[in-house]
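Quick notes on the structure that follows.
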There are 2 protein chains.
Amino acid sequence: MSDKKILIIEKASELFAKNGFDATSVQEITDACGISKGSFYLSFKSKESLLFSIFEYFSSKLIERIGSIYQMEIGPRERFEQFFVIQFEEIARYSDFILMQMREQTNPINEDMLGLMNDMRRKTYEAQESLLLNLYGEDIKEHMTDLVVILGGIVKGYIEIIVFNKGSLDYMGLAHYIVERIDSIVNGLSKPFLTTELLAGNGMCLGNQSVTTEELLNEIKLVKKEIADEDLLISLEVIEQELSITNYRKPVISGMLSNFKNNEQTEQLVRKLKKFLN
Amino acid sequence: MSDKKILIIEKASELFAKNGFDATSVQEITDACGISKGSFYLSFKSKESLLFSIFEYFSSKLIERIGSIYQMEIGPRERFEQFFVIQFEEIARYSDFILMQMREQTNPINEDMLGLMNDMRRKTYEAQESLLLNLYGEDIKEHMTDLVVILGGIVKGYIEIIVFNKGSLDYMGLAHYIVERIDSIVNGLSKPFLTTELLAGNGMCLGNQSVTTEELLNEIKLVKKEIADEDLLISLEVIEQELSITNYRKPVISGMLSNFKNNEQTEQLVRKLKKFLN
DNA sequence: TTGACAGATGACTGACCGGTCAGTTATTAT
DNA sequence: ATAATAACTGACCGGTCAGTCATCTGTCAA
C-alpha cells in the first residue's frame with residue numbers, strides 16, 4: 001500500500017466520519033490531501049472503491065489486534081478486558097467511521113463490502129464466544145446469543161460516549177467495569193430469550209454460508225471492473241470460464257489463484273474462491 | 001395533517017430507511033406515492049422540511065406513548081416492561097428510520113431538528129430515570145448515568161434483531177427478559193464508572209439548556225422561510241422586532257404566540273419561545 | 001541538451017437532483 | 001352551462017459531482 005493511498009485513506013475517513021459519505025466530494029478529499037482530483041483516480045478506481053479500501057484498512061487492523069490477544073500470556077478475565085480495550089481504542093482512533101459504515105444503510109458497495117463486514121462480525125463474534133466460554137464455562141452456551149447481543153449493545157453504548165469524549169476516558173477501567181456487569185448478568189441468567197437461528201438469520205452469517213458458482217461469477221465480474229493489471233484480468237477470465245463449465249477443474253482455478261498473492265483488491269474474492277474449492 | 005402528507009411521510013420514511021436520505025430522490029418518493037414531483041412541493045416546502053415532518057410525526061408518537069404508561073394502573077415493574085414494549089413496537093413499526101436519523105451524522109437540518117431530537121432524548125431519559133428509581137429505589141441514583149447507557153445499549157442491540165425479524169418476536173417476553181437482566185446488574189453494582197457531566201456533554205442536554213435571544217432570532221429567520229401563511233409571517237416579524245430590543249415586552253410575544261395554535265411547522269419554535277418567556 | 005516517459009493536473013463532460021412554474025385537469029360555485 | 005378556484009403535472013433550470021482526458025512537469029538516460 002503506497003503512502004499516497006494511506007494518506008487518502010486517513011484524510012477521507014476523517015471527512016466521511018465528520019460529514020458522511022455522500023456529503024463528502026472527491027474534490028474535498030483531494031484538497032485535504034493537497035493533491036489534484038485526477039491524482040486521486042491514479043490511486044483509486046472510484047470513490048466507491050476508496051470506501052471499500054478504507055473499510056478493509058480499518059477492519060483488518062481491528063481483526064489483527066483481536067487475534068493478538070490470544071498470544072498474550074494473561075488470564076481469561078484480563079484477556080476479556082483486553083478485548084474491550086482494543087475495540088475502544090481502535091474505534092476511538094478511527095473515529096466513528098466504522099460505526100458510520102456499520103450503521104448506514106446506504107453502503108454504496110453491497111456485494112463486495114458485505115463480505116468484509118461479515119468477516120469482521122464473524123471474527124468479533126467468534127472472539128466473544130471463546131472469551132465468554134473461557135471465563136464463565138460451558139454452562140452459558142445456551143445463553144450465548146443473548147449475551148452477544150447484550151454485550152454488543154453495551155459496548156456500542158459506551159463507544160458513543162467515547163466518541164464524544166475522545167481520549168479522555170480510562171479504557172482499561174471501563175473494560176473492567178463492563179466485565180463486572182457481565183459477571184452480574186451471567187450470575188442472574190435463567191432462561192435464554194434468543195435462539196441461535198434468529199441471530200443467524202440476521203445477516204450475520206455466523207456459520208459457514210455456502211457460496212454458489214453464480215455468486216462467485218457475479219463477484220468476479222465486479223472485481224474485474226476494479227483492477228487494471230492485465231495479467232490479473234487474464235487470470236480472472238480463465239477462472240470465469242472454468243467456473244462456467246459444469247465439471248470445472250479445481251487445479252486450474254487454484255493455480256490461477258496463486259497469481260493474486262499480495263493483491264489487496266482481490267483479497268476478498270480469493271478467500272471466497274479458496275473456501276469454495278475446499 | 002392531510003392524507004396526502006401522511007402518504008408521503010409513510011412512503012418516504014420507508015425509502016429513507018432503506019436507501020438513506022441523500023440516496024432517495026424526490027422523484028423516487030413521488031413515484032412511490034403515485035403523484036407528480038410538483039405535487040410534492042404542494043405538501044412540503046422542501047425535501048429537508050419533509051425530513052423534519054417525518055421525525056416530528058414519529059417522535060411525537062413515541063413521546064406520547066411513553067407518557068401514556070404513567071396513566072396505566074400497573075406496578076413499577078410492569079410499567080418498566082411496558083416502556084420497553086413501546087420502544088420495540090414503535091421502532092419496529094416505523095422501521096429503522098428513527099435510528100437512521102439518530103445515527104447519521106449528516107442530518108440536513110441542524111438547527112431545527114436538534115431541538116426535536118433533544119426533546120425526544122430528554123423525554124426518554126426522564127422516563128428511564130423515574131422508572132428505574134421507582135423500581136430499585138433511591139440508592140441507584142449515583143449509577144444512573146451508567147444504567148442509562150447500558151440500558152440504551154441493550155435496547156438498541158435487541159432492536160437490531162427486531163428490525164431483521166419484523167413482527168415475529170414476543171416483545172412482552174423480551175421486555176420481561178431485559179428487566180430481569182437489569183435486576184442482575186443493579187444487584188451487582190459497586191462503583192459507578194460514568195459521571196453525570198460526561199453524559200451531559202454528550203449533546204444530550206438532559207438539563208434545561210438556556211436559550212439566548214440570538215438563537216431564537218436565528219430560528220425565527222429559518223422558520224420564516226418555511227411558512228407561507230401571511231398572518232403567521234407578520235406575527236413572526238413582530239416577535240422578531242420585539243426580541244431585538246433590550247426590554248422586550250413579554251405580553252406582546254405571548255400574544256403573538258396565540259396565533260400559532262395548531263400549526264405544526266412552528267410547533268418547535270413556539271415551545272422554545274414559551275420556555276424562554278418563563 | 002534533448003527527448004521520452006511516468007506521474008500529476010485541473011478544465012471539462014454528462015448525469016442527476018432539488019426546486020420552479022406555466023399550463024392542464026378536476027372540482028365547486030353561480 | 002359557465003366561470004372561478006383548487007389540485008396537479010412534467011418540462012425545465014441552475015447547480016453539483018463523479019469521473020475523464022488533453023496537457024503539463026520533473027526526471028533521467030542518451
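To find a chain, count down the sequence lines: A is the first, B the second, and so on, and within it residues start at 1. FYI, side chains are in, hydrogens and waters are out, and symmetry mates aren't considered; it's all heavy atoms of this structure.
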Seminar exercise, completed: Rounded to whole Å, NZ of Lys37(A) lies from P of dC17(D) at a distance of 9 Å
Exercise. Nearest of dT9(C), dA18(D), dG18(C) to any side-chain atom of Lys47(B)?
Worked result: dG18(C)
Exercise. Between Phe44(B) and Phe52(B), is the ring centre distance below 6.0 Å?
Worked result: no
Problem set entry | Distance test, side-chain N/O of Ser39(A) to OP1/OP2 of dT9(C), below 4.0 Å | yes
Problem set entry | Nucleotide nearest Ser25(A) (side chain, heavy atoms from C-beta), chosen from dC17(D), dC8(D), dA8(C) | dC17(D)
Problem set entry | CA sep, side-chain torsions, deciding dist, call: Glu90(A), Lys61(A), salt bridge (charged side-chain N to carboxylate O under 4.0 Å, His left out) | CA-CA 8 Å; Glu90(A) 290 302 318; Lys61(A) 243 184 187 175; 5.6 Å; no
Problem set entry | Interatomic distance where CD belongs to Glu48(A) and P belongs to dA18(D) [whole Å] | 12 Å
Problem set entry | Atom-pair distance (CD on Glu28(B); P on dG19(C)), nearest Å | 15 Å
For this session: Would you kindly give the CZ-to-C1' distance between Phe44(A) and dC17(D), to the nearest whole Å?
Result: 19 Å
For this session: Start with the C-alpha distance between Glu28(A) and Lys37(A), add both sets of side-chain angles, then the distance that settles salt bridge (charged side-chain N to carboxylate O under 4.0 Å, His left out), and finish with yes or no.
Result: CA-CA 9 Å; Glu28(A) 279 176 276; Lys37(A) 201 175 160 192; over 6 Å; no
Exercise. Looking at the side chain of Leu42(A), which of dG19(D), dT9(C), dG10(D) is the nearest nucleotide?
Worked result: dT9(C)
For this session: Using whole Å, report how far CZ of Phe40(A) lies from C1' of dC21(D).
Result: 17 Å
For this session: With the side chain of Lys4(A) defined as its heavy atoms from C-beta on, choose the nearest nucleotide among dA8(C), dC8(D), dT20(D).
Result: dA8(C)
Seminar exercise, completed: Ile8(A) CD1 to dA18(D) C1', in whole Å, measures 15 Å
For this session: Go through the side-chain N and O atoms of Ser39(A) and Lys4(A) and say whether any donor and acceptor fall under 3.5 Å apart.
Result: yes
Problem set entry | Atom-pair distance (CD on Gln27(A); C1' on dT20(D)), nearest Å | 14 Å
Seminar exercise, completed: Taking for Gly38(A) and for Ile35(B) the nucleotide of DNA chain D with the nearest heavy atom, the one nearer the 5' end belongs to Ile35(B)
Exercise. Taking atom types as modelled and ignoring hydrogens, do the side chains of Tyr57(B) and Glu10(B) form a donor-acceptor contact shorter than 3.5 angstrom?
Worked result: yes
Exercise. Taking the side chain of Tyr41(A) as heavy atoms from C-beta outward, which of dG19(D), dT9(C), dT9(D) is closest to it?
Worked result: dG19(D)
Problem set entry | Between dA18(D) (P) and Leu15(A) (CG): distance, integer Å | 12 Å
Exercise. What is the nucleic acid contact for Thr24(B), judged by heavy atoms within less than 4.0 Å: base, sugar-phosphate only, or nothing?
Worked result: sugar-phosphate
